[in-house]
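Only one structure is covered here, and it is reproduced in the block below.
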Amino acid sequence: MTSDTRHGNATTVPAQPGEWRDRLNSVLTASVATALLTLAITMIRMNERDLTFTLSPVDTFMQALGIYVLPATVLMLLLIVGGMLGAFRHWFFAGLAGLLGAIVGGVVGYVQQILAVGLPLDGEAWSAIFLEFFGNNFPFVAIATLVAGVAAPLMVRAVERREAQDARLAQGGGLGDPRRFSEAAEKLAFVRVPAGNLDEAEVSGAERATVEADLAAEQWEAYVELLEEYGWETREVAAAETLPDSVFTEDPVVIIDDVAIIARPGAPSRRPELPGVRAAIEQAGFVLEELEKPATLDGGDVLVNGDTVYVGASRRTNAAGIRALRDIATGLGYRVVAVPIRDALHLRSVATALPDGTIVAWLDAFERPELLGRIVAAPERLGASVLPLDGDTVLVSKAAPKTARLIERLGYTVERLDISEFEKLEGGVTCLSARSFG
């Protein structure tokens, strides 16, 4: 996690030692593997060049090894530098790093050979080095570019996902452990300032009501301030003035441990929100996964609780989206339970978890509420969306006083907040942020 933006003021937050160690581990793995694979393919390619049969396969192999071991080493070192700078986050930049590393490595290799036989590095020598990139050195450069562009991002992603799984198994995941939640070294919340056309946001199951923009802005500020009061580091996603639903940052992304899944919203009008969210998430250092067509998934349909990921089968999340989420989450060591919901926009509109893992649910929204495990029924529909602030404190909408009293009876301190303008748009206290802790 390297940067923080709060109400337009950017500050720098030093990366945690564990983050650098994990990134270095994944980059080293990808860089070494890329360099070795490039070297192996190049030597095989060079072995095919001796059509005179005057050299044995062993001789041609050793000859190729002597020529390309230094360029491959330089390639590996430059890939490590590029990977630590983030080049492996995208295939294009990974391929560019491979191209540059192979060119520099090739130059260094030829310079070493020229100096080894005592020839001068004059204009003729440099001309020969340049021409070799269109001759013997071309396969090495092409192979390095392709392998780095395709394989390095995949290897980095695989290593980082494995590390995230190991960390989850070591610490426990989701809520379900109030002590770990309250003692979390980092609690991060992504938020986005309300758009100027907030009143044009999607409304599917509720009658449209007039939204007071000024009051909504005040309520959003109060929400962000409350998160910060309870130790959450808030980072603002770049404002999207023409995207009315963009304030609901819970929906474009699902964060599970160190993995951020860029969702594919069920409402096409919300898909333009993704680039801004992706940029903020990527800057924070998460491992990125992205859903592709035909999958649709809204983050509001995903509830992580203990070692279980519940996903709502709703109007916004389809079967392909559930399968895609299951593939990622099971790879991280979670089990995934699909829960059909009715007369509700999202799962987390009608079911959320307390710090101890008990789920607060509006039972009328479920055909099979037993799928959710340990449940306490919310006496008000708006009370089913609650947000743990720490191990002992839970945020409840001011519009759900009976639910607030029920949660207090369960031993929690309750913060009440008025979010009426967002509730007019089917939003709840979880919808206004995408959160991670650990």
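- Between the side chain of N318 and the main chain of P294, a donor-acceptor pair closer than 3.5 Å is present.
- Among all heavy-atom pairs drawn from A260 and I281, the shortest one is CB-CG2, 3.3 Å.
- Put simply, the side chain of L395 reaches to within 4.5 Å of the side chain of L226, judged on heavy atoms.
- Side-chain atoms of Y223 and S433 form a donor-acceptor pair, as typed in the model, at a separation below 3.5 Å.
- Under the 4.5 Å side-chain criterion, counting only non-hydrogen atoms from C-beta, V429 is not in contact with F422.
- Judged by distance alone, with hydrogens and angles left aside, the side-chain atoms of E273 form no donor-acceptor pair with the main-chain N or O of L243 at under 3.5 Å.
- Atom CG of residue D298 and atom CG of residue L347 lie 11.5 Å apart, to the nearest 0.5 angstrom.
- Between the CG atom of L332 and the CG atom of D258 there is a distance of 9.0 Å, given to the nearest 0.5 Å.
- Without hydrogens or angle criteria, T234 side chain to V224 main chain gives no donor-acceptor distance under 3.5 Å.
- Remark: the backbone N or O of T308 is not paired with any side-chain donor or acceptor of R335 at under 3.5 angstrom.
- With hydrogens and angles disregarded, no donor-acceptor distance shorter than 3.5 Å links the side chain of D418 to the backbone of K398.
- Salt-bridge formation is not detected for the pair E408/R405: no Lys NZ or Arg NE/NH1/NH2 atom is positioned less than 4.0 Å from an Asp or Glu carboxylate oxygen.
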Next item on the list: In sequence, state the C-alpha distance, the side-chain angles, and the governing distance for T296 and R271, and then conclude on side-chain contact (heavy atoms from CB on, under 4.5 Å).
Entry: CA-CA 10 Å; T296 63; R271 291 171 195 165; 3.8 Å; yes
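- Between the CD1 atom of I359 and the CG atom of L372 there is a distance of 4.5 Å, given to the nearest 0.5 Å.
- Looking at T430 and R348, their side chains never bring a donor and an acceptor atom within 3.5 Å of each other.
- Residue D245 holds its CG atom at 4.5 Å from CZ of R270, rounded to the nearest 0.5 Å.
- Using a distance-only test at 3.5 Å, with no hydrogens or angles considered, no donor-acceptor pair links the side chain of W362 to the main chain of A377.
- Residues L303 and A353 share a closest heavy-atom pair of CD1-N, 4.1 Å.
- In the model, R416 has no side-chain atom that pairs as donor or acceptor with a side-chain atom of S397 under 3.5 Å.
- Residue E367 places its CD atom among more than 12 non-hydrogen atoms of other residues, nucleotides or ligands, all under 6.0 Å distant.
- When only modelled atom types and interatomic distance are considered, E426 and S349 share no side-chain donor-acceptor pair under 3.5 Å.
- E186 places no side-chain N or O within donor-acceptor distance of the main-chain N or O of F437, the cut-off being under 3.5 Å.
- In this structure, the side chain of K402 does not engage the main chain of E380 through any donor-acceptor pair within 3.5 Å.
- Between atom CG of residue L96 and atom CH2 of residue W91 there is a gap of 10.5 Å, rounded to the nearest 0.5 Å.
- Nearest heavy-atom pair across V386 and G383 is CG1-O, 3.2 Å.
- Residue-environment remark: CZ (F366) exceeds the threshold of 12 foreign heavy atoms within 6.0 Å.
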Checklist line | V304/Y310 under side-chain contact (heavy atoms from CB on, under 4.5 Å): CA gap, chis, key distance, verdict | finding: CA-CA 6 Å; V304 182; Y310 297 99; over 6 Å; no
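- Put simply, the side chain of D257 never gets that close to the backbone of V259: no donor and acceptor are under 3.5 Å apart.
- V141 and T145 get closest at one heavy-atom pair: O-OG1, 2.8 Å.
- Rounding to the nearest 0.5 angstrom, the gap separating the NZ atom in K187 from the CZ atom in R435 is 11.5 Å.
- Residues V211 and L425 are in side-chain contact: their nearest non-hydrogen atoms beyond the backbone lie under 4.5 Å apart.
- When only modelled atom types and interatomic distance are considered, S246 and R192 share no side-chain donor-acceptor pair under 3.5 Å.
- Residues R315 and S204 share a closest heavy-atom pair of NH2-OG, 3.1 Å.
- Residues V247 and V193 are not in side-chain contact: their nearest non-hydrogen atoms beyond the backbone lie 4.5 Å or more apart.
- Screening T38, V32, L37 for a side-chain contact (heavy atoms from CB on, under 4.5 Å) involving T34 leaves a single residue, T38.
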Checklist line | Residue pair V394, L387: steps toward the side-chain contact (heavy atoms from CB on, under 4.5 Å) verdict | finding: CA-CA 6 Å; V394 177; L387 174 61; 6.0 Å; no
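- Contact of the S31 side chain with the L77 side chain is not registered, since no non-hydrogen atoms from C-beta on lie closer than 4.5 Å.
- Comment: R235 engages E233 in a salt bridge, judged by a side-chain N to carboxylate O separation of less than 4.0 angstrom.
- Residues L354 and Y412 form a side-chain contact, since some pair of their non-hydrogen atoms from C-beta on lies under 4.5 Å apart.
- Residues L297 and V302 form a side-chain contact, since some pair of their non-hydrogen atoms from C-beta on lies under 4.5 Å apart.
- In this structure the side chain of V309 reaches within 4.5 angstrom of the side chain of I256, judged on heavy atoms.
- For the residue pair L291 and A324, the shortest heavy atom distance occurs at CD2-CB, 3.6 Å.
- Side chain to side chain, T393 and D390 meet the donor-acceptor criterion of an N or O pair below 3.5 Å.
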Margin query: Does F88 form a side-chain contact (heavy atoms from CB on, under 4.5 Å) with F93? I'd like the steps, not just the answer.
Written below: CA-CA 7 Å; F88 294 163; F93 295 109; over 6 Å; no
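- A salt bridge does not link D301 to R316: none of the charged nitrogens lies less than 4.0 Å from a carboxylate oxygen.
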